[in-house]
Amino acid sequence: MANKNRGTFVSGMFIGAAIGTVTALLVAPRQGRDTRKVLGKTIAAVPQMAEDISSSVMLQADKLSAAAGDRWHDTLERLATAISAGVVASQSAREATPVDRPKSIHQADD
């Protein structure tokens, strides 16, 4: 869960930085030509930021996938152990005390 939150935080941080930069540039007290120049440089940097975010998200997804696979494997092992223990306990109980089973309807008619 912490990995998911960390990936979300990093993505949010990048997106927030981009939005803050654009907002600051649009409200800055510069001449239009200067603002457009800075805005152009910022827009040119967007593909790199998107690639960084994509890499970060893919890394987090790989980590989450590996963690989920490990947990799934552990769960299957515990389930198999529990089923085996249940089968052994059932067989032991059956052998230790014979159960008087009521006759079925077909046996009662005989």
Side-chain angles (χ1 to χ4, degrees):
M1 191 69 156
N3 288 337
K4 180 181 178 187
N5 290 340
R6 188 176 306 136
T8 303
F9 174 76
V10 170
S11 299
M13 187 175 68
F14 280 122
I15 292 169
I19 291 171
T21 301
V22 170
T23 303
L25 289 172
L26 293 175
V27 209
R30 294 186 179 162
Q31 292 182 352
R33 180 178 47 224
D34 293 338
T35 302
R36 285 190 297 274
K37 185 186 286 186
V38 173
L39 188 56
K41 288 179 182 179
T42 303
I43 289 173
V46 168
Q48 181 61 42
M49 285 195 320
E51 185 178 329
D52 291 345
I53 291 170
S54 174
S55 296
S56 175
V57 168
M58 286 180 6
L59 180 64
Q60 293 299 323
D62 289 343
K63 287 180 181 179
L64 287 173
S65 177
D70 291 344
R71 288 185 187 125
W72 179 250
H73 181 70
D74 292 345
T75 301
L76 289 178
E77 285 180 359
R78 287 185 297 177
L79 181 61
T81 302
I83 290 172
S84 296
V87 168
V88 168
S90 174
Q91 289 173 347
S92 296
R94 202 176 300 140
E95 291 172 358
T97 57
V99 178
D100 291 333
R101 295 184 183 169
K103 293 184 180 181
S104 68
I105 296 173
H106 299 291
Q107 291 175 341
D109 293 338
D110 292 339

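Residue T81 holds its OG1 atom at 7.0 Å from CD of E77, rounded to the nearest 0.5 Å. Rounded to the nearest 0.5 angstrom, Q60 CD and S55 OG are separated by 11.5 Å. A distance of 8.0 Å separates CE of M49 from OG1 of T42, quoted to the nearest 0.5 Å. Residue I83 holds its CD1 atom at 13.0 Å from CZ of R78, rounded to the nearest 0.5 Å. Atoms OG and CG, from S65 and D62 in turn, are 7.0 Å apart once rounded to the nearest 0.5 Å.
No continuous path of ILVMFWY side-chain contacts below 4.5 Å connects L64 to W72, so the two sit in separate hydrophobic clusters. Residues F14 and V57 fall within the same hydrophobic cluster, defined by Ile, Leu, Val, Met, Phe, Trp and Tyr side chains chained together at heavy-atom separations under 4.5 Å.
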Walk me through it: do S90 and R94 pass the test side-chain hydrogen bond (donor to acceptor under 3.5 Å, both in side chains)?
CA-CA 6 Å; S90 174; R94 202 176 300 140; 3.2 Å; yes
